[in-house]
2 protein chains.
Amino acid sequence: MSPSPLVKASTLIELNAVIVAMANGKPCLLTASDLALPSGPFETGHRTLEQGLRSWARVKAQQTLGYVEQLYTFADRDRDRTAREQRAVSIGYLALVYQAPHNMDDHWSSWYLHFPWEDHRDGVPTLTTKIIIPALTAWKNAAPDAAAKRERHERIAIAFPANPRHWNEELVLQRYELLWEAGLVSEAGKKKNNLGLAMPFDHRRIVATAMARLRAKIKYRPVVFELMPPAFTLLQLQNTVEALAGLRLHKQNFRRLVEAQGLVEETGAITSGASGRPAKLFAFRRKVLQERAAVGTKLPRTS
Amino acid sequence: MSPSPLVKASTLIELNAVIVAMANGKPCLLTASDLALPSGPFETGHRTLEQGLRSWARVKAQQTLGYVEQLYTFADRDRDRTAREQRAVSIGYLALVYQAPHNMDDHWSSWYLHFPWEDHRDGVPTLTTKIIIPALTAWKNAAPDAAAKRERHERIAIAFPANPRHWNEELVLQRYELLWEAGLVSEAGKKKNNLGLAMPFDHRRIVATAMARLRAKIKYRPVVFELMPPAFTLLQLQNTVEALAGLRLHKQNFRRLVEAQGLVEETGAITSGASGRPAKLFAFRRKVLQERAAVGTKLPRTS
DNA sequence: CCTATTTATACTCATATTGAGTATATTAGT
DNA sequence: ACTAATATACTCAATATGAGTATAAATAGG
């Protein structure tokens, strides 16, 4: 993360990549050994930001990025406490790769290690009911005045609803920031008062942004397939979506949805060996990337 | 756009704001007299990027920004042809304001002046059928090889579909980039070969990004109300949405949608003076900003 | 070989949402 | 009183969604 010799600026432009791959059925992040996200300076040799990211990922992480999407540009002054005067602008990216080759010093870190409260596949985690809700309630009651108290109450009710059916898996960033404000995820020195595995700097916030974006996007763009092998069963596909969303889905309706949208086509092959009836293998219909550039509107258009 | 004395960097961080307001029923952009977007340097005194934008807008444009959203960070090398070595990173923002006070040297420029092909409220514009489609077809036929030709064909079919019912109003950026590649919207010196009103630098591309984002967002977040007066009729609301989307909507169903979602509440007042039955005046129900943080999922969840 | 277990896939059905209208109400102008 | 213009209410078919039940095709254990 040393500044490029070409950028002798007091303003450093840094690219941060949230590189996601599935490993053992878990969504994982590529990190350094200190759990920092891969990041590097933007060099003037690159034509565009995305090209800078791609070429840097190829060299440094030996990764050829498939799907890449810009997330957000952060430039808060207190972003990086270790570098007071050297202000960095950080441009976050989300990248999806299929089965990354394992380097020695690469770490693939399951994202639920850092966000254990985000996995609702087996119902509401005990962590949430036993620790988070009581702590947040205490924080709410410690509000300076009634208005602040009401506002905190609202935010808690939305982020961690009492009724599990109202759980909104997209609110990853809101939840992280709520926990941060309540002092429950301090990344800094003190090891106490930290839920989930901390990450250096504000990297966990960047990951939260990435998770939120990805969870939103799988609903209306066929991006899951970037994480899938060339051929897969519908159950494998469903398991991947469930792992990303942190939710359990209705099997029959999931299959109906996928088929109705024409996202996949049979390869002709079937699985074997496992217990139970063998499943058909499907492949992603790449054509939909064009067809479904047009997605459904929600406005009541006239014809 | 002169560099701030505080940022003595070879990398200049520039904020560009697409500030949108409705004027005479038209969505308009705040521009300088040369049609450039308001833009200014990011100063180290500001705590966050958004704060930098807000304080700068307050001083320079005498605008208090309501809704603000980060759009995209551009850093292409050939972004600004006038400044070869001075590479600028530009962070684009979308801001919505209600009834901006008119300054002398502010210009409010209707966005359809710059994007005449984006307005489908009166059907497909003649410009599209008479000029754009023929020109794009010629460009397609001039493709170097068959594969490129097929790819261009696909892109044209999606961006400017033959069947007007397949028009997707969200693809503003794709259309702009398609027209750019086909040489139909060159912003540079030559005045020929330019559809719509050009803007300096890459500002028209930034506006295209903003339009696309806004058109997508009005469908699932109540952002239109940022552009509305405190009380309005449902027709006024519909006209605003139609103007933004560039589409004609079904009146009865629009009203059903708005009411079913609980977005508005009656003020008790009604209009008078105009011809026809007087309309009830409504106000935005601010509560929904909290309630509807939870929006509908598209995944087939189990309960 | 028979049976239980496991997974895959097909089909059903009530309810909700959407698209495209028709019908009625309330004003201003003549 | 009648007409034009707009607002609002209601209808109805077509789809989409949520929550199942039913059936098919494999393996594993006796």
Colleague: Measure NE2/B/His250 against C1'/D/dC12 and give the value in whole Å, please.
Modeller: 13 Å

Colleague: Counting N and O atoms only, with roles assigned by atom type, does the side chain of A/Arg213 sit under 3.5 Å from a partner on the main chain of A/Gln70, one being a donor and the other an acceptor?
Modeller: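 Pair found, side chain donor or acceptor close to backbone of A/Gln70.
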
Colleague: Of all residues at least two apart in sequence or in a different chain, which pass the side-chain hydrogen bond (donor to acceptor under 3.5 Å, both in side chains) check with A/Arg121?
Modeller: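 Once residues adjacent in sequence are excluded, the partners of A/Arg121 under the side-chain hydrogen bond (donor to acceptor under 3.5 Å, both in side chains) criterion are A/Asp119.
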
Colleague: Touch check for B/Ala260, heavy atoms < 4.0 angstrom, all strands: base, sugar-phosphate only, or nothing?
Modeller: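 It contacts nothing in the nucleic acid.
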
Colleague: The criterion is ring-ring contact (aromatic ring centres under 6.0 Å, His included); which residues satisfy it with A/Tyr112, sequence neighbours excluded?
Modeller: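 A/Tyr112: no ring-ring contact (aromatic ring centres under 6.0 Å, His included) contacts found.
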
Colleague: How long is the line joining CG of B/Leu247 and P of C/dG19, in whole Å?
Modeller: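 After rounding, the gap between these two atoms is 12 Å.
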
Colleague: Whole-Å distance between C/dA20 P and B/Leu249 CG?
Modeller: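 Atom-to-atom, B/Leu249 to C/dA20, this comes out as 12 Å.
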
Colleague: Rounded off to whole Å, could you give me the CZ-to-P distance for the B/Arg301 and C/dA16 pair?
Modeller: 18 Å

Colleague: Please report the distance, rounded to the nearest Å, between NZ in A/Lys219 and P in D/dT17.
Modeller: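 Between P of D/dT17 and NZ of A/Lys219: 13 Å.
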
Colleague: Roughly how many Å is it from CG in A/Leu299 to P in C/dT17, rounded to a whole number?
Modeller: 17 Å

Colleague: With sequence neighbours excluded, tell me which residues meet side chain to side chain contact (heavy atoms under 4.5 Å, CB included) with B/Arg150.
Modeller: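 Residues passing side chain to side chain contact (heavy atoms under 4.5 Å, CB included) with B/Arg150: B/Ala147.
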
Colleague: Give a yes/no answer on whether the side chain of A/Lys298 brings an N or O atom under 4.0 Å of OP1 or OP2 in C/dT17.
Modeller: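 Result: no.
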
Colleague: Whole angstrom is fine here: how far is it from CG in B/Leu257 over to C1' in D/dT8?
Modeller: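 In whole Å, D/dT8 C1' and B/Leu257 CG are 16 Å from each other.
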
Colleague: Can you list everything that forms a salt bridge (Lys or Arg N to Asp or Glu O under 4.0 Å) with B/Glu266? Sequence neighbours excluded, please.
Modeller: B/Lys280

Colleague: For A/Lys26, check side chain to side chain contact (heavy atoms under 4.5 Å, CB included) against everything at least two apart and list the hits.
Modeller: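 Result, side chain to side chain contact (heavy atoms under 4.5 Å, CB included) vs A/Lys26: A/Cys28, A/Ser110.
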
Colleague: Rounding to 10°, can you tell me the angle the first-five-pair axis of the helix from C/dC1-D/dG30 to C/dT30-D/dA1 makes with its last-five-pair axis?
Modeller: 10°

Colleague: Is the A/Phe232 ring parallel, tilted or perpendicular to the A/Phe225 ring (thresholds 30°, 60°)?
Modeller: tilted

Colleague: Among all residues two or more places apart in sequence or in another chain, which pass the side chain to side chain contact (heavy atoms under 4.5 Å, CB included) test with A/Ala216?
Modeller: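 Only A/Glu170 meet the side chain to side chain contact (heavy atoms under 4.5 Å, CB included) criterion with A/Ala216.
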
Colleague: Rounded to whole Å, how long is the line connecting atom CD of B/Gln236 with atom P of D/dT8?
Modeller: 11 Å

Colleague: Taking only residues at least two apart or on different chains, which pairs with a member in residues 241-250 of chain B satisfy salt bridge (Lys or Arg N to Asp or Glu O under 4.0 Å)?
Modeller: B/Asp122-B/Arg248, B/Glu242-B/Arg248

Colleague: Does A/Arg165 put a side-chain nitrogen or oxygen below 4.0 Å from OP1 or OP2 of D/dG18?
Modeller: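 For D/dG18, OP1/OP2 do not have a side-chain N/O of A/Arg165 under 4.0 Å.
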
Colleague: Taking protein heavy atoms under 4.0 Å as touching, what does nucleotides 2-15 of chain C look like 5' to 3' if B marks base contact, S marks sugar-phosphate-only contact and - marks none?
Modeller: ----BBBBB-B---

